[in-house]
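For clarity, every value in this text was computed on a predicted model and none was experimentally measured.
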Amino acid sequence: MEKIKMTTPLVEMDGDEMTRILWQYIKDELLLPYIDLNTEYYDLGLEKRNETDDQVTVDSALATKKYGVAVKCATITPNAARVKEYNLKEMWKSPNGTIRAILDGTVFRAPIVVKGIEPCVKNWKKPITIARHAYGDVYKGSEMKIPGPGKVELVYTDENGNETRELVHDFTGAGIVQGMHNINKSIESFARSCFNYALDTKQDLWFATKDTISKKYDHTFKDIFQEIYDQEYAAKFEAAGIEYFYTLIDDAVARVMKSEGGYIWACKNYDGDVMSDMISSAFGSLAMMTSVLVSPDGYYEYEAAHGTVQRHYYKHLAGEETSTNSVATIFAWTGALRKRGELDGNEALMSFADKLEKATLSTIEAGKMTKDLALITTLKDVTVLNSLDFIRAIRATFDAMA
């Protein structure tokens with residue numbers, strides 16, 4: 001058949017380790033045979049980030065602003081062991097954190113629900129969407145090792161040179177300190193993205209922080225959300241028959257476990273990072289979680305919510321067979337292609353994305369899956385496929401569909 005044409009490029013951000021291998025499998029087996037794929041390619045593998053002093057990450061984010069839609073492979077955020085392993089110039093920051101800061105968006109993560117994979121929490125009936133703030137906090141933090149006794153202070157100097165000081169700690173010995181920040185404008189964008197997404201999807205919105213302990217930092221998040229809701233969204237929520245409420249993060253965790261799902265849970269940056277992994281794992285697998293960064297300016301960046309699957313990559317390098325779940329990475333591509341089609345008025349591209357997602361889920365429901373799903377499925381007599389054969393089984397399902 002004639003390949004589907006694309007009028008505007010996608011920004012393609014390649015990544016690291018086993019997900020980089022899957023990335024190429026997906027392109028070769030599921031995309032290139034059907035689409036005249038038009039991408040502006042950026043290699044965000046750790047070696048290229050090191051070679052370019054991380055400029056490639058910045059360039060990919062700026063390209064996303066230019067073209068509007070990006071798709072990203074999972075990438076390594078290096079720790080001390082990675083610095084040594086890859087002989088890095090320095091411990092480069094999280095690429096996701098850098099991209100989120102530039103795009104000033106909110107990350108919405110939701111589990112991919114498929115028959116035969118039942119949630120660990122038996123009362124969860126509907127997907128729970130995590131809305132993760134995409135700027136600041138520990139991801140833009142400054143850190144220091146304190147060698148010995150001394151005083152650490154926060155110092156704010158205004159435009160006129162006037163100083164305001166707040167004691168962090170009077171150290172009597174060695175220790176560590178971290179400074180982090182956020183800005184009201186970003187929190188306001190986060191709040192509006194969450195309220196709009198709740199209205200679009202007709203879901204209740206929860207927001208949770210720890211304002212009882214963090215009476216200025218976290219409390220500011222709470223106040224901004226409430227002010228914007230009262231002034232701009234209260235009547236819209238009432239008309240839509242949905243609810244917004246604030247609660248403490250520990251109370252939210254307790255409520256989530258007893259709920260049926262079907263709502264959006266808005267979290268600060270780190271809370272969202274952790275809770276999205278918890279939600280995805282409890283719904284079945286870390287490889288069954290979609291993630292989309294939505295900017296208030298209308299930019300979209302799609303990716304899988306999981307990491308680079310390091311253990312499987314080392315097996316792959318050793319020539320051993322792997323059974324790595326590629327579903328979330330496939331859905332990153334379909335999400336980006338669907339959004340590209342939507343923005344360009346390309347119905348064929350949108351239909352292709354829908355069909356590929358259906359083929360992926362149908363393959364699993366037919367009992368053909370990777371090992372992580374086979375271990376938890378309620379389906380009987382399933383076939384466990386290796387990484388490439390699973391993708392090829394999806395292609396076979398796709399080709400057999402009308």
Quiz item: NZ/Lys48 to OG1/Thr52 distance, rounded to the nearest 0.5 angstrom?
Solution: 7.0 Å
Quiz item: With side chains defined as the heavy atoms from C-beta onward, is the minimum distance between Glu163 and Glu153 less than 4.5 Å?
Solution: no
Quiz item: Side chains of Gln203 and Thr201: do they bring a donor and an acceptor to under 3.5 Å?
Solution: yes
Self-check item: Under-4.0 Å salt bridge between Arg255 and Asp251
Solution: yes
Quiz prompt | Pair Phe190 and Tyr135, ring centroids less than 6.0 Å apart | solution = no
Exercise. Verify the distance criterion only: is there a donor paired with an acceptor across the side chains of Glu260 and Asn123 at less than 3.5 Å?
Key: no
Quiz prompt | Residue pair Leu356 / Leu30, side-chain heavy-atom distance below 4.5 Å | solution = yes
Quiz item: Given Thr7, which of Asp344, Asn38, Leu349 fulfils the side chain to side chain contact (heavy atoms under 4.5 Å, CB included) condition?
Solution: Asp344
Exercise. Would you kindly say whether Ser387 and His316 are connected by a side-chain donor-acceptor distance under 3.5 Å?
Key: no
Exercise. Indicate whether the side chain of His312 and that of Thr324 have a donor and an acceptor atom separated by less than 3.5 Å.
Key: yes
Practice problem: Report the C-alpha separation of Glu40 and Tyr67 in whole Å, then their side-chain angles, then the decisive distance to 0.1 Å, and conclude whether the side chain to side chain donor-acceptor pair (under 3.5 Å) test is met. | Solution: CA-CA 9 Å; Glu40 185 163 303; Tyr67 293 110; 2.9 Å; yes
Quiz item: Does any donor atom in the side chain of Trp124 or Glu118 lie under 3.5 Å from an acceptor atom in the other side chain?
Solution: no
Self-check item: Polar contact flag, side-chain donor to acceptor under 3.5 angstrom, Tyr156-Asn162
Solution: no
Quiz item: Does the distance from a Lys or Arg side-chain N to an Asp or Glu carboxylate O, for Asp36 and Lys5, drop under 4.0 Å?
Solution: yes
Quiz item: Taking Lys268 as the fixed residue, which of Asp218, Asp137, Thr209 is the one that meets the side chain to side chain donor-acceptor pair (under 3.5 Å) rule?
Solution: Asp218
Practice problem: Ignoring hydrogens and angles, state whether a donor on the side chain of Arg132 or Asn269 is under 3.5 Å from an acceptor on the partner side chain. | Solution: yes
Quiz item: Given the side-chain rings of Tyr244 and Tyr233, with only the six-membered ring counted for Trp, is the space between their centroids under 6.0 Å?
Solution: no
Quiz item: Quick one: are Leu205 and Ile242 in side-chain contact, heavy atoms under 4.5 Å?
Solution: no
Exercise. Please determine, by modelled atom types, if Asn96 and Ser94 share a side-chain donor-acceptor pair under 3.5 angstrom.
Key: no
Self-check item: Heavy-atom closest pair, residues Ile279 and Ile128
Solution: CG2-O, 3.8 Å
Quiz prompt | Heavy-atom pair with the smallest gap, counting every atom of Gly15 and Cys73 | solution = N-CB, 3.3 Å
Self-check item: Electrostatic pair Lys210:Asp250 at N-O distance under 4.0 angstrom
Solution: yes
Quiz item: Is the closest side-chain heavy-atom distance between Asp223 and Tyr246 below 4.5 Å?
Solution: no
Quiz prompt | Identified side chain to side chain contact (heavy atoms under 4.5 Å, CB included) partner of Tyr302 from the options Val69, Leu10, Thr329, Thr290 | solution = Val69
Quiz prompt | Closest contact, heavy atoms only, Ala240 versus Leu199 | solution = CB-CD2, 4.0 Å
Quiz item: Tyr41 and Asp14: side-chain donor and acceptor closer than 3.5 Å?
Solution: yes
Quiz item: Between Asp28 and Gln24, do the side chains contain an N or O donor and an N or O acceptor separated by less than 3.5 Å?
Solution: yes
Self-check item: Side-chain heavy atoms of Arg49 within contact of Asp43, under 4.5 Å
Solution: no
Quiz prompt | Ring-ring centroid check Phe108 Tyr197, cutoff 6.0 Å | solution = yes
Self-check item: Side chains of Trp265 and Phe207 in contact at under 4.5 Å (non-hydrogen atoms)
Solution: no
Exercise. In plain terms, say whether Lys115 and Glu365 are close enough for a salt bridge, that is, a side-chain N and a carboxylate O under 4.0 Å apart.
Key: no
Quiz prompt | Side-chain donor/acceptor of Ser295 to backbone N/O of Gly105, under 3.5 Å | solution = no
Quiz item: Any donor and acceptor pair, going by atom type alone, linking the side chain of Asp16 with main-chain N or O of Ile76 inside 3.5 Å?
Solution: yes
Under 3.5 Å, sequence neighbours excluded: what are the donor-acceptor pairs made by side chains of residues 391-402?
residue: Arg392; atom: NE; partner: Glu29; partner atom: OE2; Å: 3.4
residue: Arg395; atom: NE; partner: Tyr34; partner atom: OH; Å: 3.4
residue: Arg395; atom: NH1; partner: Glu29; partner atom: OE1; Å: 3.1
residue: Thr397; atom: OG1; partner: Thr363; partner atom: OG1; Å: 2.8
residue: Thr397; atom: OG1; partner: Ala393; partner atom: O; Å: 3.0
residue: Asp399; atom: OD1; partner: Tyr34; partner atom: OH; Å: 2.6
residue: Asp399; atom: OD2; partner: Tyr34; partner atom: OH; Å: 3.4

Self-check item: Pairs involving residues 71-88, ordered by first then second residue, that meet salt bridge (Lys or Arg N to Asp or Glu O under 4.0 Å) (sequence neighbours left out)
Solution: Glu17-Arg82, Lys72-Glu303, Arg82-Glu85
Quiz item: Heavy-atom distance under 4.5 Å between the side chains of Asp53 and Trp92, does that happen here?
Solution: yes
Exercise. Using a strict cut-off of less than 4.0 Å between a Lys/Arg side-chain nitrogen and an Asp/Glu carboxylate oxygen, indicate whether Arg100 and Glu301 qualify as a salt bridge.
Key: no
Quiz item: Is the ring centre of His133 less than 6.0 Å from the ring centre of Phe221?
Solution: yes
Practice problem: Go through the steps for Asp54 and Lys93 under the test salt bridge (charged side-chain N to carboxylate O under 4.0 Å, His left out), then give the verdict. | Solution: CA-CA 9 Å; Asp54 210 28; Lys93 292 186 177 182; over 6 Å; no
Practice problem: Looking only at non-hydrogen atoms, find the nearest pair between Thr106 and Ser193 and report the distance. | Solution: OG1-CB, 3.6 Å
Self-check item: Tyr229-Glu227 side chain donor-acceptor pair, cut-off 3.5 Å
Solution: no
